[in-house]
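In what follows, chains carry the letters A, B, and so on, assigned in the order in which the sequence lines appear, proteins first and then strands, with residues in each chain numbered from 1. Just so you know, these numbers use all the heavy atoms, side chains as well, and skip hydrogens, waters and symmetry mates.
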Amino acid sequence: MSVGILSLIILALAVAGFFLGRSRALQSVQGDPRKLHSLPVYYGQTVFLFTAVPALLLMAAWLVVQPLVIDARIVGQLGPEVAADPSAATLAMEDVQRIASGLDALQAAAGLSNDEMRKMRADLSDIRGRMADVGVALGAEVNPKIFEMAKDFRDMQRGGALMMTLAVLLAAVAGFVWSVLRIKADFRARNVSETFVRWVLIVSAGVAILTTVGIVMSLATETIRFFSIYPASEFFFGLTWNPQFRGGSDLGLIPLLWGTMYITLVSMIVAVPIGIFAAIYTAEYATPRVRSVVKPLIEVIAGIPTVVFGLFALVTVGPFLRDYFAQPLGLGNSGSSVMTAGLVIGILNIPFISSLADDIINAVPQSMRDGSYGLGATKSETIRKVVLPAALPGIVGAILLAASRAIGETMIVTMGAGASAKLDLNPFEAMTTITVKIVGQLTGDLTFDSPETLVAFALGSTLFVITLALNIFALWIVRKYREQYE
Amino acid sequence: MYDTPNSTEASVSQTHIKIAARGVQVHYGEKHALKDVDVDILDKTVTAFIGPSGCGKSTFLRCLNRMNDTVSVARVSGEILLDGEDIYDKRVDPVQLRAKVGMVFQKPNPFPKSIYDNVAYGPRIHGLTKSKAELDEIVETSLKKAALWNEVKDRLQETGTGLSGGQQQRLCIARAVATAPEVLLMDEPCSALDPIATAQVEELIDELRSTFSVVIVTHSMQQAARVSQKTAFFHLGNLVEYDATQTIFTNPKDPRTESYITGRIG
Amino acid sequence: MTDISPTPAAMPRTHGLSGSLLTESPLMKSRNAAEARFRSYGIAAIVVALLTLAIMLFTILRDGTSAFFQATLSYPVLIDGAIVDKGGKADPAEMAKVTTISYARLLGDSLIKHLADKGIAVEGMTPKEVTDMISKDAPARLRDQVLADPSLVGKTINVNAFVGGRIDGYMKGRLTRESSANDSNVTPRQLDMADKMIEAGILRSKFNWSFVTAPDASDLRPEAAGLGVALIGTLYMMFLVLIFTLPIGVAASIYLEEFAPKNWFTDLIEVNISNLAAVPSIVFGILGLAIFINFAGLPASAPLVGALVITLMTLPTIIIATRASIRAVPPSIRDAALGVGASKMQTVFHHVLPLAMPGILTGTILGLASAIGETGPLLLIGMVAFVTNYPAGPLDGGFLDPASALPVQVYSWASRSDPAFIERSSGAIIVLLILLVIMNVSAILLRRRFERRW
């Protein structure tokens, strides 16, 4: 029975429980709701919740745990020497799964019964050929041992699914019966259901913590694995980045870090002055009318997906810079470059800086400006000498937040910066960043035991730590600044 | 309307008219905030504007150095002459005007800079000094004049926002004095201060009279009586009565003034 | 002006400004010039920002609109039973055995015949050169059409077949005779023929719905590539993200705003939310790959996995917006409800939440609008894969079928070598931007309609 249908059954049972619970509550007081502790709907709600929630939670847990258990058992069948080598185990598991899905297709195409499938033998019939007929391509002839394991795998999956259906239905029915029997006139249904809802609220709020835990766990475990097969010092201080398919790769962070920082620097040189001057104009000079037009227009930039900026970098900015700057100046002939990516990220960050700076400038008290005007300062003198110095901590915070965004930006650098890791000063040279390499190492076919794949997790950890530190620092500055004027 | 430029008060009879306002009207959007005000403000005199909240006294004060220009909905009409020149003339740069007509605000508003930089701000932007030594001297004399020098002379580089409320307000006065204005406008300068700081500021105002024409808006009638020579009473956007302070407080001509003085309106 | 009665503390007025107000001093002149300069920097900054935006949108519209039009050959084709239905029994199973190669021959022969009928000389061109002009995609479409309606056999129907990407590029000006000189995929004679066909009205540019509906196609057939799978993938993901984020976001916000006690647990949640909002999106992609695909064993490229990743990514922003709308409901409403004896939970669900709902929905739509364009994390969970089969319906497990997403399609087309894909990439952006505009406009309308001032 599919997960979707099972969920629907549980929900139907729960809805039925709701009405049953409500009418049972009313019955227990001969139809006089005033004698009940709570409103009748709350009795219905308790039945609904106790029917649906435990069963659905059980199902979710089962769906996560079952594949792990089955994998462990299949790997156990491979014998201790294969199970000890993670890469061999992974490969064997992949074979088993592919053959199992081939058997599924075969069974669906030929309409065979489960018993007939069980009797199929890899050494007696041409499994590879039959699978190719139903559209499952196998790389090699089927090893009978693996084939038997694939059959076991299928049996276990089927058995597991059946057990799950039974267990989940049992949980639902048990919850249903128990909560219906519990209904009496003095049963505090509202309190029970509210406590329940309160827990749902707490768990929902806890998702944020779980997410962080998930991020840290997934980065940390794979990063540790990476450092167990590749020395950490060579990663952090290595000056070359040169992954090889057949091992012996140089996986040094420094060139990627350099590219990231260089591009971030260029982007800040673009975004900071433009963003701050735009904010000054909208906050101090523009009439309310102009402000109400210009501000949303600038913020449109922030609403455009980064992949659009990436295409702009690739198709328009890159060739433009190459043809009109890099080539005439003899600085190379690459469309992808630090300059291209930096400029475009800078444009992307303009609205981010300008709207933060606008808020911060507006938070400078008017009395400060009055004091300056009262002494005969012009508007620009007031802004330069009073407003901006007063807003400086907040603006620095905004700039740091923008820098952190530039460091973590992925699509624009993937499409505009290039892929060659080098340590170079020429801004018209193609360079690469941490994020580009994360994408590069983690797309396509992955083997989770080679340093070339695992390095992406170490890069991810580095990125996470850098941006987190910048953010915490920036938010701290901004908060300090707000307190000053509160 | 009481308009007594040629007062019989001996102490003010000799001085000439510094600011002459004729038929001044102010609108804030739809609201008619100030109606047809005529006033002559004398040089080297402290003039007090009194009246209940919202009577237009602060509005009028802000007309005298065109601070209302910074409020986009405000419209000012009528004529205000400073030494015979119309300050609302098209050719007048409000920035230049404000160097001559300085202002001190209700709430102390030191800039988030050092004490020195606060005082030096005006002279610097107006290019009043040629050397650092000259600027140092202006800062020192201004702080002395604001009776703050002894308290801050050892920490001129500390930030001005770290001072106490009374010190902050005296710093703001020093800052205003440093540009050597001809008129000093003060918008309820003591309302945020404690009694001791208030006394210090009032003493200061009396001393400033020797150099400037001082116009002070105040809520406190006692303060007006203590520091001013001339008093103008505003009510609901009208200038009700303008006369020597003593006359206003002892022998008001208008019944509304009398009601306010005796505490029946306000 | 000098002071005539100095008191001890009085400062002689030696340094102040003097002179008439009506004349501008030289210093004032330069100060006013500095003022004008400063102001113009502000204007320049805004002009630069808006101009770049305009240039970007302009280039995308310029490059992308042509993706919605495709050079199409229109000519009559006799669906010859001898080729497509050898058995003559109109049995679909039997007819399905005829491959696209036979249909390609049918299309090619009919074209040559039609050219002869129209009197267009095929001078110096081999028949293969002529038939190669037809898109490799056209036979498959004709085959589908015939299989769907076997009654067509024996009839002459008017076929609209795409020409190959090069000829299309030639008609759109992307490809010139000079630039095609070294191109092995097109010959000058084919371009001459294209000119003649245009003149004869056989070859025309037509609006191409299949750009929006068809699945992706390989590098060799840019003319057939469409957005169908990506669009379905994006819609699936948006649906799932909506049903995940709205309840979780609302529940978390209610807890934090109305129930959370001031303790370390609440602080921990707060810190997590504000920091997660600033974690680079690619890190969420790593999370999705490691947890959902590697650990939980969900299939790669599935809209469900994409939706889970995007949900975790947008939840912090949605929670922040939702909390703001809950906070905007004045405490007096809560007091009133509590005052008549409602429980805290009833107060929240009967009074606070309905009043905050428009704001919550607006915030959620805007959050979705920014999530819809996310690309980086989707690359890591395999949504960049080349998918030519539509995912199944939502109830048939389609959420687990491989699919693409609009922004990912933009990226994968942009990284292909044939320049024809740049046009399609821009076209995909136009579709993406239209979706974004719809979402933003509906958020604005929602806000206008229900805006309430307390």
Side-chain angles (χ1 to χ4, degrees), chain A residues 4 64 67 190 194 197-198 200-202 204-209 211-212 214-215 218-219 222 274 277-278 280-281 285 294 297-298 300-301 303 305-308 310-312 314-316 347 350 378-380 401 404 408 410-411 415 435 438-439 442-443 448 457 460 463-464 467-468 471 475, chain C residues 31 34-35 38-39 41-43 45-46 48-50 52-53 56 59 248 251-252 254-256 259 268-269 272-276 278-283 286-287 289-291 294 296-297 312 315-316 343 345 369-370 373 375-376 379-380 384 395 407 410-411 414 422 425-426 429 432 436 440:
Chain A
V64 174
R190 201 196 73 221
E194 286 188 352
V197 172
R198 202 187 161 97
V200 171
L201 298 185
I202 293 175
S204 301
V207 168
I209 298 179
T211 310
T212 311
I215 288 176
S218 53
L219 288 175
E222 305 290 335
I274 297 183
F277 269 110
I280 287 173
Y281 191 82
Y285 284 103
V294 168
L297 272 181
I298 290 183
V300 165
I301 299 176
T306 53
V307 70
V308 179
L311 188 72
F312 185 55
L314 181 73
V315 176
T316 311
I347 296 164
I350 290 173
T378 63
K379 207 153 190 163
S380 65
L401 285 178
S404 139
T410 309
M411 292 321 292
M415 297 168 86
T435 50
I438 293 177
V439 171
L442 286 184
T443 44
F448 275 89
F457 291 90
L463 181 68
F464 183 68
T467 52
L468 193 67
N471 279 314
L475 288 177
Chain C
R31 285 175 66 195
E35 170 72 22
F38 192 78
R39 191 190 166 96
Y41 295 151
I43 296 176
I46 287 173
V48 168
L50 295 183
T52 342
L53 175 68
M56 189 165 87
T59 51
I248 300 180
I254 289 177
Y255 178 71
L256 291 173
F259 293 100
L268 186 66
I269 297 175
N272 269 298
I273 289 175
S274 60
N275 282 325
L276 280 179
V279 168
S281 62
I282 192 80
V283 172
I286 296 180
L287 167 83
L289 178 66
I291 303 278
N294 267 2
L312 296 185
L315 256 183
S343 70
M345 201 62 84
S370 69
T375 321
L379 297 182
L380 296 198
V384 75
L395 289 176
V410 171
Y411 168 71
I422 294 295
S425 198
S426 304
I429 288 178
L432 182 60
L436 278 177
N440 279 289

Point-to-point distance, once rounded to the nearest 0.5 Å, from [atom1] of [X] to [atom2] of [Y]:
X      : Y      : atom1 : atom2 : answer
A:L311 : A:T306 : CG    : OG1   : 11.5 Å
A:I215 : C:I291 : CD1   : CD1   : 9.5 Å
C:L380 : A:I438 : CG    : CD1   : 7.5 Å
A:T211 : C:N275 : OG1   : CG    : 12.5 Å
A:F457 : C:L289 : CZ    : CG    : 5.0 Å
A:K379 : C:R39  : NZ    : CZ    : 7.5 Å

Stepwise side-chain contact (heavy atoms from CB on, under 4.5 Å) check, A:T212 with C:V279: CA-CA 10 Å; A:T212 311; C:V279 168; over 6 Å; no

Need one label for [X]: side chain, backbone, both or neither, based on atoms under 4.5 Å from any heavy atom in chain A.
X      : value
C:S370 : neither
C:A278 : both
C:P407 : both
C:L315 : side chain
C:L432 : side chain
C:I429 : side chain

Measure [X] against the heavy atoms of chain C and call it side chain, backbone, both or neither at under 4.5 Å.
X      : answer
A:V439 : both
A:I298 : both
A:I347 : side chain
A:L314 : side chain
A:I280 : side chain
A:I350 : side chain
A:R198 : both
A:L475 : side chain
A:I202 : both
A:V308 : both

For chain C, the option from A:T467, A:I209, A:T410, A:I274 that forms the most heavy-atom pairs under 4.5 Å: A:I209

Top contributor to chain C interface from A:V197, A:V200, A:T435 [non-hydrogen pairs under 4.5 Å]: A:V197

In terms of heavy-atom pairs under 4.5 Å, which option from [options] contacts chain A the most?
options                      : value
C:V410, C:T59, C:L276        : C:L276
C:T52, C:L256, C:I46, C:N272 : C:N272
C:I273, C:I43, C:I254        : C:I43

Shortest non-hydrogen separation from A:M415 to C:A414 and the atoms involved: CE-CB, 3.5 Å

Closest non-hydrogen atom pair, C:I286 against A:G460: CD1-CA, 3.8 Å

Candidate list C:L436, C:N440, C:L53, test side-chain contact (heavy atoms from CB on, under 4.5 Å), partner A:V300, passing option: C:L53

Candidate pair C:M56 and A:I301, rule side-chain contact (heavy atoms from CB on, under 4.5 Å), full reasoning: CA-CA 10 Å; C:M56 189 165 87; A:I301 299 176; 6.0 Å; no

Ring pair (Phe, Tyr, Trp, His ring centres under 6.0 Å) partners of A:F312, counting only residues at least two apart: none

Aromatic ring pairing A:Y285/A:Y281, orientation class (parallel under 30°, perpendicular over 60°, tilted between): parallel

